Amino acid sequence: MKNKEEIQFVDKVIGALRKSAIELEEFQIKAALGKAEAQEKYEEVKKKFNLFIHESEYKINGIKEKIEELNTKCDEVRVQLALGKAETK
């Protein structure tokens, strides 16, 4: 009787270990899939951010050109005003 109970106990332990092993394998698969999905999402976000940076640089360069043009025009007006003041004296 004792031997039969020990065998049943060992069988239960073996069954629990097998079940745990299966659950661990499933967890590893889910973790690997999650890692792959996270990597894909990272690459997607990285591409979007790089595009945003490129577009922002393009817009900033356009604004810089307009500012330079405006500064040039302001300098021309300052020269004209200075000349006008010189002529009136």
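Residues take their numbers from the sequence shown, with the count starting at 1. Owing to the predicted nature of the structure, the values given are computational and were not obtained by experimental measurement.
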Exercise for the section: Can you tell me which residue pairs pass the side-chain hydrogen bond (donor to acceptor under 3.5 Å, both in side chains) test with a partner in residues 29-41, sequence neighbours excluded? Expected result: Gln39-Glu43
Handout entry: Sequence neighbours excluded, every pair satisfying side-chain hydrogen bond (donor to acceptor under 3.5 Å, both in side chains) that has a member inside residues 63-77
Key = Asp75-Arg78
Fill in the blank from the handout: Value for CD (Gln80) from CG (Leu83), rounded to nearest 0.5 Å, stands at 5.5 Å
Completion exercise
Across all chains, not counting sequence neighbours, the side chain to side chain donor-acceptor pair (under 3.5 Å) partners of Gln8 are none
Fill in the blank from the handout: Apart from Leu33 itself, its cluster of hydrophobic side chains linked below 4.5 Å comprises Ile29
N/O donor-acceptor pairs under 3.5 Å from side chains in residues 50-63, not counting sequence neighbours:
| from | atom 1 | to | atom 2 | distance (Å) |
| --- | --- | --- | --- | --- |
| Asn50 | ND2 | Lys46 | O | 3.4 |
| Ser56 | OG | Phe52 | O | 2.8 |
| Asn61 | ND2 | Glu57 | O | 3.3 |

With a 3.5 Å cut-off and sequence neighbours excluded, list the donor-acceptor pairs that the side chains of residues 9-24 form with protein atoms.
| from | atom 1 | to | atom 2 | distance (Å) |
| --- | --- | --- | --- | --- |
| Ser20 | OG | Ala16 | O | 3.0 |

